[in-house]
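First up is the structure itself, then whatever we jot down about it.
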2 protein chains.
Amino acid sequence: MSIRDERKQQSRQALLDAALKLSTSGRSFSTISLREITREVGLVPTAFYRHFEDMDKLGEALIEQVSERLRQMILTLRQGYLSHEHSKTQTSIQFFFRAVDESPQDWMFLIAERWGGSTTVRGEISQEIELLVQDLANDFSASADFKHIKSSDDLRVMSSILVNLSFTWAMTWLDFATQYTGGELVDWQQQYIEQVSTQVRLLFRGIANWQS
Amino acid sequence: MSIRDERKQQSRQALLDAALKLSTSGRSFSTISLREITREVGLVPTAFYRHFEDMDKLGEALIEQVSERLRQMILTLRQGYLSHEHSKTQTSIQFFFRAVDESPQDWMFLIAERWGGSTTVRGEISQEIELLVQDLANDFSASADFKHIKSSDDLRVMSSILVNLSFTWAMTWLDFATQYTGGELVDWQQQYIEQVSTQVRLLFRGIANWQS
DNA sequence: TGTACATCAGTGAACGCGCGTTCACTGATGTAC
DNA sequence: TGTACATCAGTGAACGCGCGTTCACTGATGTAC
């Protein structure tokens, strides 16, 4: 890639990063302006048009990028789980929240825009979530816990429960950090880990006793 | 109430109704303007200030009103369920979706603003959801299916799963109506009712086999 | 009941501001010979 | 390698627009006597 192309890519990425940052600092994507983004990056407003036709197009690119990062991250998470299949539920939950803490903006953006954004945005996010559900369902079908589930529809439904609940878990978790600090935060987090563990155990109890 | 007070109340309610309508027609509360609301009602922009200090205050009032309506509606739903406790899961789900269809804007507003709104809005909605979770947990404790659950914490965790999943169900359901029409819509709805039924049965399978 | 004054929901003009978008430009980087 | 021209990311001025908010106002309704 030429020097010019490289610099252009950097600017483009800076615009995307700024948009993600501004969209997850107490406001939503649809309330931030083109000028705010360029201001954050240190470019003149008109430079925006060298990279995106308008804010909608930047939004599309952002969803794609965020989804891709989340999918990769969850893939790593699932591989970690499969290689220690018999670890405690709590440990798995802790790994999940550690992953959430590692890229909080990605989670916040996808979840806030899932129902909050425009119809287009929602459609694109729905598709990405469908991929996550399918990924997880595939993992399930390879796991010993699910050997007795014959219907692949049932597997997808179970996967869907977990994916949807995990969004609530992630956002509740991230909200704690904005409401509490220090020891109080740790206490709430600890307590929440236990609550989520109970939820997961309950689900797996249901799965263990499932017959189609 | 005097004639003047009555008319003032009507205008105030008209502003709230317009705000709810505009917030749920493809955009979110934070993207609609004071002027749009008064235009929708047929008032001059400055008249707004006779009723609310600013948009934030109107938002608070709207959350309160929407939450109250949803709580009443869910109360009716739960009473209906308790009086036909041994009806099929599918029938209960159908009643739920009928309720969603009866006040779609209330559901859309609360769910979209749950993670999409400002920090204040989110805090207020969290509290309202906590009330819903507690209501449902109380119902559980009176139900035969939950006699063996000793811990009230466990009851609340189970209730919390159901409340959180129900939000996803409601929004997914309402999204169908924007994407499909006629027979195709009915087919998707039918299919989704079955998927949700599977989810609920799975949860209750877990609950039935629960030991603390 | 009638009158004189007070209240106050709604009006309409005016303001300054940040917005998205246009346009002609600049000057560093790329390309052809 | 050196030169002459092309490309194009970023600039800066300018625009019209909808916004929230102020202010003095109007006229119907309420209240005191």
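Letters A, B, ... mirror the listed sequences (proteins, then strands); counts begin at 1. Note that the coordinates shown come from a computational prediction; the quantities given were computed from them, not determined experimentally.
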* Worked check of ring pair (Phe, Tyr, Trp, His ring centres under 6.0 Å) between A:F176 and A:Y192 -> CA-CA 10 Å; A:F176 284 148; A:Y192 195 60; 5.4 Å; yes

- Is any NZ, NE, NH1 or NH2 atom of the basic residue among A:E36 and A:R27 found under 4.0 Å from an Asp or Glu carboxylate oxygen of the other? yes

Review point. Can you find a side chain N or O atom of B:S2 that sits less than 4.0 Å from OP1 or OP2 on D:dG30?
Key: yes

Residue pairs passing the side-chain hydrogen bond (donor to acceptor under 3.5 Å, both in side chains) test with at least one member in residues 178-187 of chain B, sequence neighbours excluded, are none

Checking C:dG20, C:dC8, D:dC8 against the side chain of B:R4 (C-beta onward), the nearest is C:dC8

Contact check, residues 37-65 of chain A vs DNA chain C, heavy-atom distance under 4.0 Å, returns A:R39, A:T46, A:Y49

Can you check whether B:R156's main-chain N or O pairs, donor with acceptor, with B:S160's side chain at less than 3.5 Å?
no

Practice prompt. On the 0 to 90° scale, with breaks at 30° and 60°, tag the B:W169-B:F96 ring pair as parallel, tilted or perpendicular.
Written response: perpendicular

Taken to the nearest 0.5 Å, the spacing of A:L22 CG from A:L20 CG works out to 9.0 Å

Rounded to whole Å, CD of B:E6 lies from C1' of C:dA9 at a distance of 15 Å

Exercise. For A:E60 and A:E124, what are the C-alpha separation, side-chain angles and deciding distance, and is it a side-chain contact (heavy atoms from CB on, under 4.5 Å)?
Worked result: CA-CA 8 Å; A:E60 275 179 42; A:E124 285 156 3; 3.1 Å; yes

The helix from C:dG2-D:dC33 to C:dC33-D:dG2: angle between terminal helix axes, five bp per end, to the nearest 10 degrees, reads 30°

### Message
Keeping A:E113 on the side-chain end and A:F29 on the backbone end, is there a donor-acceptor pair under 3.5 Å?
### Response
yes

Ranking C:dG10, C:dT29, D:dC19 by distance to the side chain of A:R7, first place goes to C:dT29

Of B:I3 and B:R35, the one whose nearest nucleotide on DNA chain D sits closer to the 5' end is B:R35

Rounded to whole Å, the CG-C1' distance (A:D5 to C:dT29) equals 10 Å

